K.L.:
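Got a structure for you, written out below as structure tokens; questions coming shortly.
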Amino acid sequence: MPAMFDVVTSRVNFPDLDAEVLDYWKERDVFRRSSEERPDAPLFMMYEGPPTANGSPGIHHVLARVFKDVISRYRTMKGCRVIRKGGWDTHGLPVELQIEQELGISTKREIEEFGIAEFNRRCRESVFRYVKEWEVMTDRIGYWVDMDDPYVTLENDYIETGWWILKRLWDRGLLYQDRRGAPHCPRCVSSLSSHEVALGYRENTPDPSVFVKFEANEWIGGATPDIPSYFLAWTTTPWTLPGNTALAVSVDADYSVVETTDDNGQTIRMALATALLEVLTGDYTVAQEVKGSELVGLSYRPLYDATRYGAPIRQFVAGVDGQTALEDAESYSTRVVSADFVSMDDGSGIVHIAPAFGDEDLGLGREHQLAFVQPVDLQGIITGSYPFAGKFVKDADPEIAADLTERGLLYHQGIYRHTYPFCWRCDTPLLYYAKTSWYIRTTAVKDQLVGNNSRINWYPEHIREGRFGEWLRNNVDWAISRERYWGTPIPIWQCDHCGAMDCVGGVKELAERSGEDLDDLDLHRPYVDDVTWPCSSDSCPGALRRIPEVMDCWFDSGMMPLAQWHYPFENREIEQDGRLPADYICEAVDQTRGWFYSLHALSTLMQDDIAYRNVICLGLILDGRGRKMSKRLGNIVEPDSILDAHGADALRWYLFTASHPGEPRRFSDRLVQQTLRQVLLTLWNVYSFFTNYANIDEFEPSQIPGDWRPEAELDRWVLAELNQLVQVVDGHLDNYNPTDAGRRIAEFIDVLSNWYVRRSRRRFWKSEADADKMGAYATLYTCLTTVARLMAPLAPFVSEQMYRNLELKFNPDAPDSVHLTDYPVADPSLIDETIMDATRLAIRVSSMGRAARSKAGLKVRQPLASVVVRTRTPDEAKYLDWVAEQILEELNIKSLRADGGEQDLYSQVQSAAGDDGDSVVSVDGYSAALEAGYMVAVDATITPELADEGLARELAHRIQNLRKGARFEITDHIVTYYQGPDDVARVMTTHGDYIKQETLSESLLPQLPVDEAHAETAKVEGMEVTLGVQRVASG
RNA sequence: GGGCCUGUAGCUCAGGCGGUUAGAGCGCAGUCCUGAUAAGACUGAGGUCGUUGGUUCGAGUCCAUCCAGGCCCA
């Protein structure tokens, strides 16, 4: 008894298949072996961008994970040892927020009252809450990544590498403290990162729009004004006006001095940009036109003189090495300065400058050494003795406007709607507030950042010079400190007396400084804050205490190339062994400013090298209607529901092929189901067909001779297509393009099923076991095993199942998994362009022939005498001889002839079709289809002989349906009963052999079916016929 | 306001260097085929290829403008 293929039914349940394959992988430990069994293979590094496990994974997480997986699996099959360590991102404000919500608190004061130790303990616990769900999903979608030994950003070893990195930067002068205008939430009393700010933009936010008159002390040319003269400036934040210390103009722009009258009827003059005169509401005349440069330097009176209202005044002064310092001052002056950011699109072309607030204002303050007046505290309350002191800034806005109106300094006010950031946690409008933070001086390596970027292969390519390149060229120093609790503590200690600072690069160093045994210290707050030591400066009585800030969690993820190995405290060999940089990373496009940047910046700073060679930047995943998925819209798709319904391969295949990686992709259950049906089920049915007949014929792979070459036309054609497919798919995957790889495979599966198998069926059915039949088996077997390997990186489950049944079962020496085999290599000698062209012609002619038949009402089961074909070029006409047999069989026609010679049918058909282009017309007894220069004309004449033959086919078809309905096995022999008019009886006799052979009937009995037979009575070609089938004992 | 991307059939997507009559799948209506198929074939309806200009003998394709949508940033 020869070995048999496992029976493959066409009714497959992919989710069950997935489970079986997952068990198999686990049992054989395939994933671990895929890297460990090849210690000498070239390394391929995949870096895992760490997710946070404090929520359930969504479909967008599946998207990134399958794209990571497909490349890793492909590289494994190409002979690499792929390293892919899992990771978890565990720090940061989102984690804190979740705990705040659970505790029902929302301010830092409440957290500190609650206790940092307990607060952080809860944060630590929460980030692993959904780890199990993540692990199950990861497993379920077939993402191979080492989850047993992941890196975790909260572990001491991981944090220690971070300290070491910061110390290195500190030693090189790249870590510094500075005052910047930063988005600040007055309710949470904390800065927000740019990432967080992005979460809270609201469109159409109404804000006051006020045009304010600043009274000039001196006027153009240095003259003393003879009538009241003003600079007209515009703002949407009246509360910042007490902080005003300058006005900014654009030096090259045109400004106009207009004359008008104020509310008291007095003549005044005002300066504003000529391009913006339209903002003036009353009558006016233009008295003078000047360049902005002529306004620069003119002094004016502050609206609210800080010396009268008791707000602290400071002044920027030039310090050492080009830096500026901020010193306390008694008084200040205000004047017009130039700035390049002055807009001529809205406002008045004269910009109100308050260095205590906006970042541009602060920069301008440094540049021009302006005064710095801070009349607002960190809670957003106006300080000092202003009439509106004690108010929250937004509540002070109307009072300030009223006060200015009363003083005749408000020219005009209205409402301005714009996009404004709000705190994403508490909906408080954010204030831009100048305060000190810690920065990494990334601008010091800006050229290297840009230069190294040019060595990265971006997919899609435009990200390199577009979004990412643009971001790098506009690089600003990286604000890394957060005034928060749950994060990597910044390892800087400062003397509480003299202010001396010390940066600590590791736990051992800290133990040496403090003289304590710190082996068991949790490096988080508040424990690390308890470590102190006496100041070592001369006779300073102070103690060094850690500064309160923690690090931006993007720093955590950006340092993973080193920190995942606890470098340099362990694993120093990673410098040389190929683990730096990564060969491949993949995340969604929102990581451009996130992980992609933090990796790139830290790698450039630390190694002056790239962090990754190849990166796929994925587009967002949208719902079936093109909307972003969000909890609020309730359109989030749970991965489980898709996986349970259609299986992992269908989901993967859809995600790979629906659109190119960089494009947004719409997602719906229906689209996944369509992929399943069109690609996986079609392949599965070919596979099922093959195994069914191979078992009947006791075919097994070892029967294929070692030097076998395809001979039959169809075999040579499909193997040409297959080998070309191997070349193309390999090229696409090598180029990080699973999308086109998958699409090409799907096209091949389509022609394999709908042309190769469709046209070859009879070769498998026939009873004699000749060379042609062996050729068909060898060919289809080769196609299936090759496709299984080709698609293994994309659809790892179904390909594994096919591999095991088709190859492993017959070759115990083969690797136990398709994922441990080598990726297919094309045999170029089998790629025959000519035969591919010829077959394409056959497919086209067949399609047109069916159209011609269909139009004339000639069903395919009715044989016809002849078909006339006209090709577009004479070259193609030569192909007709080769493929005529395929065409005739497909179209059920007896003879084919090329058009031309004496009776040129084409010209008659053309004139009949007229201007109609592609169409089907009837000419001279033919039904002819025209398309793009081709013509296929079928002879519509049905002779009595042809009619009988058609009836024979019809009867055979009916008998086949009865067999099928009776659920007979394909190989069962039967007896057929029939009862009908003379025509039926005649055909049953004259075409009896044909019908018997087709239906495996041992005899055709002209009588009513016996009771045991399966029978039906139906109209056949208008005649009432009774047919019955009965199984006979197999011989 | 700036940067990047996208716009082709009702939906999802193809359309190498500009070149014959712009395609496929799904969906809809109908016809056919089927002893692998949960499939397949054919016909039909459905397109100002986002807009307006320009380059060209010729533009879905190249350039510019505008419009709409998305993402990122200010």
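Since the model is a prediction, treat every value here as computed from it, not as a measurement.
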K.L.:
Quantified in whole Å, what is the P atom distance between nucleotide B:G16 and nucleotide B:C32?
P.N.:
39 Å

K.L.:
Write down the distance separating the P atoms in B:U20 and B:C67, rounded off to the nearest Å.
P.N.:
34 Å

K.L.:
Once the angle between the rings of A:F699 and A:Y777 is folded into 0 to 90°, is it parallel (under 30°), tilted (30 to 60°) or perpendicular (over 60°)?
P.N.:
parallel

K.L.:
Say we look at B:G23 and B:U65: how far apart would their P atoms be, to the nearest angstrom?
P.N.:
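32 Å, rounded to whole Å.
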
K.L.:
Is the backbone N or O of A:V476 less than 3.5 Å from a side-chain atom of A:T443, with the two atoms forming a donor-acceptor pair by type?
P.N.:
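No: the side chain of A:T443 does not pair with the backbone of A:V476.
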
K.L.:
For atom C1', what is the distance between B:G40 and B:A24, given to the nearest Å?
P.N.:
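Per the computed distance, 15 Å lies between those C1' atoms.
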
K.L.:
Could you run down the sub-3.5 Å N/O contacts of the protein with nucleotides 4-7 of chain B?
P.N.:
{"from": "B:C4", "atom 1": "O2'", "to": "A:H462", "atom 2": "ND1", "distance (Å)": "3.3"}

K.L.:
Send over the distance from A:L680 CG to B:A36 P, rounded to a whole Å.
P.N.:
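Interatomic distance, CG of A:L680 to P of B:A36: 21 Å.
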
K.L.:
In whole angstrom, give the distance that lies between atom NE2 of A:H60 and atom P of B:C71.
P.N.:
14 Å

K.L.:
When Watson-Crick pairs (N1 to N3 and N6-O4 or O6-N4) and G-U wobble pairs (N1-O2 and O6-N3) count only below 3.5 Å on both distances, what is the dot-bracket string of RNA chain B, with | for other-strand pairs?
P.N.:
(((((((..((((.....[...)))).(((((.......))))).....(.(((..]....))).)))))))).

K.L.:
Given that A:S688 and A:H660 both sit by RNA chain B, which one's nearest nucleotide is further toward the 5' end?
P.N.:
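On the 5' side of the pair lies A:H660.
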
K.L.:
Rounded off to whole Å, could you give me the CG-to-P distance for the A:L683 and B:A36 pair?
P.N.:
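Checked: the CG to P distance equals 17 Å.
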
K.L.:
Output all residues satisfying side chain to side chain contact (heavy atoms under 4.5 Å, CB included) with A:R759, sequence neighbours left out; order by chain, then residue number.
P.N.:
A:L714, A:W755, A:Q886, A:E889, A:E890

K.L.:
Could you give the distance separating B:G46 and B:G27 at their C1' atoms, to the nearest angstrom?
P.N.:
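Each nucleotide's C1' atom is 11 Å from the other's.
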
K.L.:
Is the closest side-chain donor-acceptor distance between A:Y654 and A:D649 under 3.5 Å?
P.N.:
no

K.L.:
Any donor-acceptor pair under 3.5 Å linking the side-chain atoms of A:H352 with those of A:D361?
P.N.:
no

K.L.:
Can you check the A:I696 CD1 to B:A36 P distance for me, whole Å?
P.N.:
10 Å

K.L.:
Can you confirm whether or not the ring centre of A:F596 sits under 6.0 Å from the ring centre of A:W471?
P.N.:
no

K.L.:
Using atom CZ of A:F596 as one end and atom C1' of B:C73 as the other, report the distance to the nearest whole Å.
P.N.:
17 Å

K.L.:
When the ring planes of A:F689 and A:Y693 are compared, do they come out parallel, tilted or perpendicular, using 30° and 60° as the limits?
P.N.:
tilted

K.L.:
Mind checking whether A:C617 and A:P460 have side chains closer than 4.5 Å, heavy atoms only?
P.N.:
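Sidechains of A:P460 and A:C617: in contact.
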
K.L.:
Between B:G69 and B:G50, how many Å separate the two C1' atoms, rounded to a whole number?
P.N.:
11 Å

K.L.:
Determine, step by step, whether A:T779 and A:Y756 satisfy the side-chain contact (heavy atoms from CB on, under 4.5 Å) criterion, reporting the C-alpha distance in whole Å, the side-chain angles of both residues, the deciding distance to 0.1 Å, and the verdict.
P.N.:
CA-CA 10 Å; A:T779 302; A:Y756 181 77; 3.4 Å; yes

K.L.:
What integer number of Å spans the C1' atoms of B:C49 and B:A22?
P.N.:
8 Å

K.L.:
Taking only distance into account, with no hydrogens and no angle test, what donor-acceptor pairs under 3.5 Å do side-chain atoms of residues 462-469 of chain A form with protein atoms, sequence neighbours excluded?
P.N.:
{"from": "A:R464", "atom 1": "NH1", "to": "A:I456", "atom 2": "O", "distance (Å)": "2.5"}
{"from": "A:R464", "atom 1": "NH2", "to": "A:E461", "atom 2": "OE2", "distance (Å)": "3.4"}
{"from": "A:E465", "atom 1": "OE1", "to": "A:R473", "atom 2": "NH1", "distance (Å)": "3.3"}

K.L.:
Rounded to the Å, how far apart are A:R473 CZ and B:C73 P?
P.N.:
17 Å

K.L.:
Could you tell me whether the phosphate oxygens of B:A36, OP1 or OP2, come under 4.0 Å of any side-chain nitrogen or oxygen in A:Y693?
P.N.:
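Answer is yes, contact under 4.0 Å.
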
K.L.:
Before giving the answer on side chain to side chain donor-acceptor pair (under 3.5 Å), spell out for A:N692 and A:Y687 the whole-Å C-alpha distance, their side-chain angles and the decisive distance to 0.1 Å.
P.N.:
CA-CA 9 Å; A:N692 282 339; A:Y687 167 56; over 6 Å; no

K.L.:
Atom OH of A:Y597 and atom P of B:C73: how far apart are they, to the nearest Å?
P.N.:
13 Å

K.L.:
Restricting both atoms to N or O, compile the protein contacts to nucleotides 37-41 of chain B shorter than 3.5 Å, with distance only.
P.N.:
{"from": "B:U37", "atom 1": "O2'", "to": "A:N685", "atom 2": "ND2", "distance (Å)": "3.1"}
{"from": "B:A38", "atom 1": "N7", "to": "A:S10", "atom 2": "O", "distance (Å)": "3.3"}
{"from": "B:A38", "atom 1": "N6", "to": "A:V12", "atom 2": "N", "distance (Å)": "3.4"}
{"from": "B:A39", "atom 1": "OP1", "to": "A:R677", "atom 2": "NE", "distance (Å)": "2.9"}
{"from": "B:A39", "atom 1": "OP1", "to": "A:R677", "atom 2": "NH2", "distance (Å)": "3.4"}
{"from": "B:A41", "atom 1": "O2'", "to": "A:R850", "atom 2": "NE", "distance (Å)": "2.3"}

K.L.:
Looking at A:R743 and A:E747, is there a salt bridge between them, counting it only when a charged N and a carboxylate O are closer than 4.0 Å?
P.N.:
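So A:E747 does not pair with A:R743 through a salt bridge.
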
K.L.:
Mind checking side chain to side chain contact (heavy atoms under 4.5 Å, CB included) for A:N754 and listing every partner two or more places apart, or none if nothing turns up?
P.N.:
A:D750

K.L.:
Rounded off to whole Å, could you give me the CG-to-C1' distance for the A:L430 and B:A74 pair?
P.N.:
14 Å

K.L.:
Could you work out the separation of B:G7 and B:C13 based on their C1' atoms and round it to a whole Å?
P.N.:
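One C1' to the other, the span is 13 Å.
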
